[in-house]
Amino acid sequence: MTTDASTGNIPISVFDLRHTFESAQPLTFHADYNPGSNSILYTMGRTIVSVGQSGGNEKGTLTVMSKELGIAMRDAVKRFRLGDDMKRIYRIINTDRFTDEAIRRYYGMRLTVNDPWETTLCFIISQFNNVKRIRKIVRALKERYGQPIKDNTGRTIAHSFPESKDLLGASVKDLMGCGTGFRARYVKHAAEYCTYNLDIYKLNPTDYDKLTEALMEINGVGEKVADCIALMGYGNTEAFPIDVWVKRTMERVYFKGRKKTPKQLRRFADERYGKYKGYFQQYLFWGGRQMDEEVGAYA
DNA sequence: ACCCAGGCGGGCG
DNA sequence: CGCCCGCATGGG
């Protein structure tokens, strides 16, 4: 962190920075986590922000450090959903042994609300891919197409997340050079479409149907990716992204291993959790993935 | 070698 | 609507 950054504190309750960071959300794909200080370093536009947790998960403190402290503080409140009453959300989604155990293990794990364009790009990259490689690709895109961020001595210490216009000059071949693979043409289209045709920042976060419909006009954004963007880019917890882990875990835990269609799984979640199903999904996804071999014990 | 990964677009019936 | 296929790449 540069020396002229200032620091602010925010009280937190039922919050775990490590679980939040590790649970494969957009921050995970480009930020750095320092386990020694339980803090993460990420870019917010061209500003570097450090957020650290101290004092425990039940009651603790979030320390924000940035040159643009006011903006970074407001951003952190939104990004980490500090207004959410987690005890109330837990009461709503904790309807069975599996979710109870996932909440116990990942107590304080929050959904995050990230920049809509960053979230779109991250989840286009995510399709038919794994977390480790998503992270690698996103970092390559930042380094090649993001703006260099310099410290006081003029040394480049980070790169901003590339805006859509920053990617306009990149050919499909260039993008494949960053490891995007067959998704390169999706990235190219998304960059063009979101620069010239769609102002992604003007979409209404609370209108789930219109929001996802608009997002799916982008090549490479289907139902699942649109749900991820709605949830983690716009904070719409009605969204219920169904990936291989959510599907697998739900079939095991709630349907005796029988195959179910996404439509059936979505209805199940909607009936039980309504507008909180996005939060249920995050515990289902991360719990199911981490607890893989043990999932059967909670069926 | 083989299988899988926070799926999607396109073609077909 | 549903089903099936190909798709780039790297790690287990």
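Not measured: the values here are computed from a predicted model. Proteins come first, then strands; the chains are lettered A, B, ... in the order of their sequence lines, and each starts at number 1.
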For residues 97-120 of chain A, which residue pairs qualify under salt bridge (Lys or Arg N to Asp or Glu O under 4.0 Å), counting only residues two or more places apart or in two chains? A:E101-A:R104, A:E101-A:R105, A:R105-A:E294
Would you find a donor on one side and an acceptor on the other, under 3.5 Å apart, between the side chain of A:N236 and the backbone of A:P205? yes
Taken to the nearest whole Å, NZ/A:K188 to P/B:dG9 is 18 Å
Rounded off to whole Å, could you give me the NZ-to-C1' distance for the A:K263 and C:dC1 pair? 7 Å
Indicate the ring-plane relationship of A:F128 and A:F182, choosing parallel, tilted or perpendicular according to the 30° and 60° boundaries. tilted
Among the clusters formed by ILVMFWY side chains lying less than 4.5 Å apart, do A:I229 and A:L141 turn up in the same one? yes
I would like to know whether A:Y33 and A:N38 meet side chain to side chain donor-acceptor pair (under 3.5 Å); could you show each step before the answer? CA-CA 7 Å; A:Y33 178 65; A:N38 193 20; 2.9 Å; yes
I need the CH2-P distance between A:W245 and B:dG7, as an integer number of Å. 11 Å
Between A:E68 and A:R46, is the closest basic N to carboxylate O distance under 4.0 Å? no
Need one value for A:M216: base, sugar-phosphate or nothing, where a base atom within 4.0 Å counts as base even if backbone is also close, heavy atoms only. nothing
Which is true for A:T249 with a 4.0 Å heavy-atom rule: it touches a base, it touches only sugar-phosphate, or it touches nothing? nothing
Consider the side chain of A:V244, meaning its heavy atoms from C-beta on, and name the nucleotide among B:dA5, B:dC8, C:dC1 that approaches it most closely. B:dA5
Atom-to-atom span, CG of A:L215 to P of B:dC8 - whole angstrom: 12 Å
With heavy atoms under 4.0 Å as the rule, sort A:L284 into base, sugar-phosphate or nothing. nothing
N/O (side chain, A:R135) to phosphate O (OP1/OP2, B:dA5) under 4.0 Å: no
Is the shortest distance from a Lys or Arg side-chain nitrogen in A:K263 or A:D270 to a carboxylate oxygen in the other one below 4.0 Å? no
N-O pairing of A:R139 and A:E143 below 4.0 Å: no
Tell me the interatomic distance from A:I134, atom CD1, to B:dC4, atom C1', rounded to whole angstroms. 13 Å
Taking atom C1' of B:dA5 as reference, at what distance in whole Å does atom NZ of A:K247 sit? 16 Å
For nucleotides 7-12 of chain C, just jot down a letter per nucleotide in 5' to 3' order: B, S or -, based on protein non-hydrogen atoms under 4.0 Å. BBBB--
Using the P atom in both, what is the distance from C:dG11 to B:dC8, to the nearest Å? 24 Å
Expressed as a whole number of angstroms, how long is the span from A:I125:CD1 to B:dC8:P? 13 Å
Taking the six-membered ring for Trp, are A:F240 and A:Y273 closer than 6.0 Å centroid to centroid? no
Would you mind telling me which residue lines up with the more 5' stretch of DNA chain B, A:G220 or A:R289, judged by nearest nucleotide? A:R289
Which dot-bracket string describes DNA chain B (Watson-Crick N1-N3 plus N6-O4 or O6-N4, or G-U N1-O2 and O6-N3, all under 3.5 Å; [ ] crossing; | other strand)? .||||.|||||||
How about A:Y42 and A:F161: are their ring centroids closer than 6.0 Å? no
Of A:F123 and A:N219, the one whose closest DNA chain B nucleotide lies more 5': A:F123
Given atom CD of A:E217 and atom P of B:dC8, what is their separation to the nearest angstrom? 14 Å
